[in-house]
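Order of appearance sets the numbers: ligands from 1, and atoms from 1 within every ligand. Atom set for the values below is all heavy atoms of this structure, side chains included, hydrogens, waters and symmetry mates excluded.
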Amino acid sequence: MSGAPPRPLASGERVLVCGAAGFVGSHLCERLLQRGCEVLAVDNLISGDLQNLASMLDAPRFRFLRYDVCSPPPREAEGVSRIFNLACPASPAHYQRIPVQTVLASTLGVWQLLELARRSGARLLQASTSEVYGDALEHPQQESHWGHVNPVGPRACYDEGKRCAEAMLVAYAQQYGTDVCIARLFNTYGPRLRPGDGRVVSNFIVQALQGEPITLYGDGLQTRSFCYVDDTVRGLCALMESGWPGPVNLGNPSECHMVELAARVQALIGSASPLVLRPLPPDDPRRRRPDIRLARQRLGWWPEVGLDDGLALTVSYFRARLALPPEAPVTMSPGLGTAEGGAC
Ligand code: UDP
């Protein structure tokens, strides 16, 4: 894929955000409104929450439509000039309960959006994932790594769905000259993660705030690299504006063991919650850290928020949110790779 000339987001430009009521999508909508764009926000609310958009619903340049990306796009979406696609459940505990909807969002849904982009001459940004690397064979992970993914495992609906999405974008660019770009997001965290989301940052914070045991899967020595959502959103906009197709890693290269994450959360909250060991879910990647040299070179992007600062902001959010009726965190059931209890 060769790419298009850079094109900054212009004031008044019509932008479609799919998965807008989700955690990352809602932050992106906020930023696009600040940039003066007209935002058409769509979501089927399968894992998104309209509450995430509450502060925007009355904004003059903002419109929300309940829409599933697997269906033909609403007529209001025709003629948009940019499409950000973040429509897909992203928490393993959640997407493993709805694997069919998950794989369809990244295949049938992406196909619908590619056709829209082709008709409208829009640039389509696909939110892909570090999961395309699977249990990676190289460390840190560079964009050139082809990945090590189990195509029939419990994570396949998400990992392989996103890999197929990438392949479809490349095919449309090659065959039709569609303007596309691919961002591979590494673990993102921050305000608006749902208390019952099931991902590690929300689980640990909610458990520590509620004085519940902190559920550490496996030996806790597996690593992830956590990127604060504001940094991620800045990276998505930079890629959209660049004209460059990627794929590009967007993540924070500072790597952390899960046992260390638990300790940091406990220290921030002043929590005495004990750690409780649970079996490691199947196919849980052992180590994950992005190589972000390409993002630095091509986008002039790198993360600015350190883990302790980002966690402190996230803890404040959950403190306020948990003053509302609590939603129990979702945890993985041993060995099955499915969620037990809790609302998703
Ligand atoms: N994890 C954990 N306790 C939890 C939830 C997750 O120890 O309550 C671990 C999980 O096994 C994985 C890491 O934290 O090694 C990140 O999990 P998450 O579901 O947030 O995202 P992933 O990167 O696996 O998609």
Can you check which of Tyr95, Tyr158, Phe226, Tyr217 brings a heavy atom nearest to atom 1 (N) of ligand 1? Tyr217
I'd like to know if Glu143 pairs up with Arg293 as an ion pair, taking the criterion as any Lys NZ or Arg NE/NH1/NH2 lying under 4.0 Å from an Asp or Glu carboxylate oxygen. no
Please tell me if the side chains of Tyr176 and Leu114 come closer than 4.5 Å, counting only heavy atoms from C-beta onward. no
Can you list the ligand 1 atoms lying under 4.0 Å from a non-hydrogen atom of Asn203? 4 (C), 5 (C), 8 (O)
Options Leu221, Thr215, Asp284, Asp197, ranked by nearest heavy atom to atom 3 (N) of ligand 1, top entry: Thr215
What's the separation between atom OG in Ser316 and atom CZ in Arg321, rounded to the nearest 0.5 Å? 15.0 Å
Would Gln222 count as being in polar contact with ligand 1, using the rule that some N or O on each side must be under 3.5 angstrom apart? yes
Between Tyr95 and Tyr158, what is the ring plane arrangement, given parallel below 30°, perpendicular above 60°, and tilted in between? parallel
Answer yes or no: does an N/O atom from Val200 fall short of 3.5 Å to an N/O atom of ligand 1? yes
Could you go through residues 300-310 and list every donor-acceptor pair under 3.5 Å that involves a side-chain atom there, pairing it with any protein atom two or more places apart or in another chain?
residue	atom	partner	partner atom	Å
Trp301	NE1	Asp231	O	2.9
Asp308	OD1	Arg264	NH1	3.4

Within the 4.0 Å heavy-atom cut-off, what Pro285 brings close to ligand 1 is neither
For ligand 1, which atoms sit closer than 4.0 Å to a heavy atom of Pro92? 19 (O), 25 (O)
Say whether Glu131 and ligand 1 are in contact under the criterion: heavy-atom distance to a ligand atom below 4.0 Å. yes
Examine Arg199 against ligand 1 and note whether any of their N/O atoms are separated by less than 3.5 Å. no
Which atoms of ligand 1 are found less than 4.0 Å from any heavy atom of Pro281? 11 (O)
Could you tell me which atoms of ligand 1, counted from 1 in the order shown, lie closer than 4.0 angstrom to a heavy atom of Leu216? 7 (O)
Just so I know, are the side chains of Leu185 and Leu236 near enough to count as touching, which here means a heavy-atom distance under 4.5 Å? yes
Linking Ile, Leu, Val, Met, Phe, Trp and Tyr through side-chain heavy atoms less than 4.5 Å apart, which residues share a cluster with Phe186? Val132, Tyr133
Has Arg288 got any heavy atom lying under 4.0 angstrom from an atom of ligand 1? yes
Check against side-chain hydrogen bond (donor to acceptor under 3.5 Å, both in side chains), Ser273 and Gln207: CA-CA 8 Å; Ser273 287; Gln207 289 159 345; over 6 Å; no
Pull out every atom of ligand 1 sitting under 4.0 Å from any heavy atom of Asn187, numbered as shown with elements. 21 (O), 22 (P), 23 (O)
A student checking ligand 1 against Arg155 at a 4.0 Å heavy-atom cut-off should list atoms 22 (P), 24 (O), 25 (O)
Taking Glu166 first and then Arg184, would you say they form a salt bridge - that is, a charged N and a carboxylate O separated by under 4.0 Å? yes
